Amino acid sequence: MKHHNATRNLNRLSLILLLFTLSFVFFAGPVEAVAGATRGSMPSDLVEDRQAWKNWPEAKVGENGLISAEGVHIPRFLFDSPDAIAANADLDEIEASLAEEYHYQLDTEMYSPLESTFSVYQDDRILSVGCRYFAPDKNDMQYLNYTFWLADGKRLTDADLADYLGLGDRLLGLMEENIAESYAQPVGDLPMASELGSRQDQFASFVGLALQDLWDNFSPSQHQLYLDETGRPHMIYRFYGPAGAGSYNAEKELRLYLHPEDKLLSPIYVRMARELGLDPLDDSCTALIVLVGGAYDEASLTTMLARLWPWQEAYNEFQTPVTLLRTGYGEDGESIRLEGQEYYLLVPKYQHATIALQALTITEDAKLIPEQNEQLARRCVTGPVLIAQNISDIWPNAEINLRYRKEWLKFSPSISLKDGSLITAPGIVDAGATFDWGEQNEEDPASATFDHTLYDYLKSLWDFN
């Protein structure tokens with residue numbers, strides 16, 4: 001009898017110890033997939049769908065369609081760590097705001113789809129939940145990401161998740177590369193002057209704005225990363241483009257490249273620098289610049305582009321380079337006119353450095369000041385860029401703004417009136433020695449090889465006839 005009592009007491013003690021242990025360990029073995037989460041989400045007993053619509057008024061048919069809240073899925077965390085409690089408080093506010101919007105739609109019968117979803121990923125170390133919902137008051141998608149350590153329920157920062165993924169301090173460089181990738185598109189023909197606005201609307205014109213937004217707001221302590229239901233890392237960033245308000249929140253899978261680096265050097269820069277005998281890693285050089293030439297009539301335009309062509313052939317895979325052109329309005333106040341006769345090719349050191357062109361004007365007391373220019377205000381590019389500026393030999397009518405992360409460089413290249421040499425800024429190296437200028441330009445410009453698409457585009461911005 002004593003033996004049975006001892007065995008019974010031991011079993012009770014073991015059960016008590018087990019329950020005590022489970023009360024401190026958040027991962028107790030998932031039971032089934034979380035109902036209401038996005039399809040393919042993983043099982044977890046640490047999160048559930050609030051099913052908020054069950055407490056809201058019934059759906060009804062309005063003038064524009066069915067007004068329903070059954071598509072609203074908001075998670076609730078089922079553990080009580082301080083970070084989980086704070087997360088639930090955030091989600092309480094989201095639920096309240098969507099409830100208010102739903103009641104408004106019922107009252108006004110103004111139908112607008114309510115959208116709120118979440119995904120669930122869980123392994124033996126972390127729980128990652130990505131929440132997204134449409135906020136009518138902001139007319140934009142909102143993203144809330146929550147990743148917790150299962151051991152203590154503490155929320156991971158982006159730096160923590162980067163370490164978990166083995167990225168170390170490479171996160172910012174990877175985000176830059178992925179943002180640039182999201183803007184990649186096939187190179188098409190350049191439009192005529194009447195279509196300049198549509199050219200400015202091309203994605204390549206906005207990638208710099210997205211990168212600058214990343215640099216301005218990046219912090220390892222944020223929560224812009226999460227693992228989707230398949231365990232793949234995703235990033236939230238600000239996408240800039242021509243539609244709507246000009247920018248909006250966006251999501252993209254964070255592709256982990258085989259050799260991610262913190263700061264990616266431009267491959268074209270590396271090749272040109274090596275030809276100049278420069279160390280591509282030398283911090284004293286920020287960018288390479290080439291004075292391609294002047295263009296003020298058809299013959300000089302042909303010559304300038306013929307001088308550029310060997311570079312396009314050797315370095316740019318025969319592709320038309322991105323352009324930043326100092327432009328203004330013609331006498332009719334509507335047509336776009338080129339206001340630059342000096343052409344410079346700028347090759348930044350870093351692949352994701354951004355380049356913008358600020359228009360300048362001169363005051364009566366000979367001071368250069370910024371000038372509002374809507375053609376340039378929303379253009380910011382990356383990579384090698386062909387820049388056209390300056391008409392007068394006396395003063396520049398534009399300023400180049402070169403930026404990489406927190407470092408800015410502003411300068412206006414010009415041609416020396418003394419010897420015709422290139423005048424630039426410290427850190428900007430003259431790379432004209434890398435150009436194979438050729439002899440065809442001097443002998444017979446009409447027979448020269450050049451980029452005819454770029455010729456037609458530039459010619460359309462200036463009436464040479």
Side-chain angles (χ1 to χ4, degrees), residues 47 74-75 77 81-94 97 116-123 125-135 138 140-183 207-229 231-240 245 247-257 260-264 352 354 403-407:
V47 60
I74 305 170
F77 296 105
S81 72
D83 286 347
I85 293 173
N88 280 330
D90 292 341
L91 296 166
D92 288 343
E93 294 183 5
I94 303 306
S97 67
S116 178
T117 62
F118 69 95
S119 62
V120 178
Y121 170 82
Q122 183 170 316
D123 58 25
R125 296 181 61 194
I126 64 171
L127 167 71
S128 191
V129 176
C131 313
R132 45 271 310 111
Y133 70 97
F134 184 77
K138 298 177 181 175
D140 201 357
M141 288 295 294
Q142 302 296 309
Y143 297 83
L144 296 173
N145 303 318
Y146 299 98
T147 302
F148 299 94
W149 292 115
L150 296 179
D152 56 11
K154 185 177 180 180
R155 187 180 183 186
L156 280 70
T157 64
D158 287 343
D160 295 330
L161 191 51
D163 287 341
Y164 179 80
L165 296 170
L167 304 181
D169 59 358
R170 295 171 172 175
L171 177 58
L172 182 56
L174 279 170
M175 294 181 75
E176 291 172 349
E177 180 71 2
N178 277 268
I179 287 176
E181 182 186 70
S182 70
Y183 281 85
V207 59
L209 299 176
L211 288 169
Q212 291 187 5
D213 186 275
L214 170 68
W215 299 334
D216 288 339
N217 298 290
F218 177 80
S219 172
S221 62
Q222 289 183 328
H223 305 94
Q224 301 300 103
L225 302 181
Y226 79 101
L227 302 185
D228 72 2
E229 60 273 15
R232 294 177 179 240
H234 282 235
M235 57 179 278
I236 309 303
Y237 68 104
R238 194 73 181 170
F239 187 91
Y240 285 77
S247 68
Y248 54 88
N249 295 323
E251 177 179 358
K252 183 185 183 300
E253 179 184 341
L254 182 68
R255 294 181 58 189
L256 306 182
Y257 299 91
E261 297 180 36
D262 185 33
K263 295 181 178 180
L264 290 178
H352 301 310
T354 62
R403 178 183 177 184
Y404 187 62
R405 298 185 179 176
K406 299 297 183 181
E407 298 180 1

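Here the structure is a predicted model, which means the values were calculated and not measured.
Side-chain contact check for Tyr164 and Thr147: no donor-acceptor pair (N or O, by modelled atom type) lies under 3.5 Å.
The salt bridge (charged side-chain N to carboxylate O under 4.0 Å, His left out) contacts involving residues 216-228 comprise Asp216-Arg403, where partners must be two or more places apart or lie in separate chains.
The closest side-chain heavy-atom distance from His234 to Asn145 is not below 4.5 Å. Here the side chains of Leu225 and Leu156 are not in contact, with every heavy-atom distance at 4.5 Å or above. Considering only heavy atoms from C-beta on, Asn217 stays 4.5 Å or farther from Arg238 through its side chain. Glu251 places none of its side-chain heavy atoms less than 4.5 Å from the side chain of Met141. Between Pro233 and Leu161 there is no side-chain heavy-atom pair separated by less than 4.5 Å. Counting only heavy atoms from C-beta outward, the side chains of Glu176 and Phe218 never approach each other to under 4.5 Å. No side-chain heavy atom of Tyr237 sits under 4.5 Å from any side-chain heavy atom of Asn178.
In terms of heavy-atom proximity, Asn249 sits nearest to Gln142 at ND2-NE2, 3.7 Å. Of all the heavy atoms in Asp140 and Phe134, the pair that sits closest is N-CE1, 3.5 Å. Contact detail for Ser119 and Glu229: the closest heavy-atom pair is CB-OE1, 3.3 Å. Across all their heavy atoms, Pro75 and Cys131 have their closest contact at CG-SG, 3.4 Å.
Note: Tyr226 OH to Leu144 CG = 12.0 Å, rounded to the nearest 0.5 Å. Residue Leu209 holds its CG atom at 12.5 Å from CG of Leu214, rounded to the nearest 0.5 Å. The CG atom of Asp163 lies 11.0 Å from the CG atom of Asp158; values are rounded to the nearest 0.5 Å. Leu256 contributes atom CG, which lies 10.5 Å from atom CZ of Arg170 (distance to the nearest 0.5 angstrom). Here the CH2-OG1 distance, from Trp215 to Thr354, works out to 4.5 Å after rounding to the nearest 0.5 Å. One distance of note links OG1 of Thr117 with CD1 of Ile74; it measures 10.5 Å at 0.5 Å rounding.
Under the side chain to side chain contact (heavy atoms under 4.5 Å, CB included) criterion, Val120 pairs with Val34, Ala37, Ser41, Ser44, Val47, Phe118, Leu127, Val129, not counting sequence neighbours. The side chain to side chain contact (heavy atoms under 4.5 Å, CB included) test applied to Ala162 returns Leu167, Leu171, not counting sequence neighbours.
Taking the six-membered ring for Trp and the full ring otherwise, the centers of Phe148 and Phe77 sit less than 6.0 Å from each other.
A donor-acceptor contact shorter than 3.5 Å is absent between the side chain of Lys252 and the backbone of Ile179. Tyr183 contributes a side-chain N or O that, together with a main-chain N or O of Tyr240, makes up a donor-acceptor pair within less than 3.5 Å.
Enclosure of atom CD in Glu407 is not indicated, since only 12 or fewer non-hydrogen atoms of other residues, nucleotides or ligands lie within 6.0 angstrom.
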_Does Leu150 form a side chain to side chain contact (heavy atoms under 4.5 Å, CB included) with Arg125? I'd like the steps, not just the answer._
CA-CA 5 Å; Leu150 296 179; Arg125 296 181 61 194; 5.6 Å; no
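Under 4.0 Å is where a charged nitrogen must lie from a carboxylate oxygen, and between Glu177 and Arg255 no such pair does.
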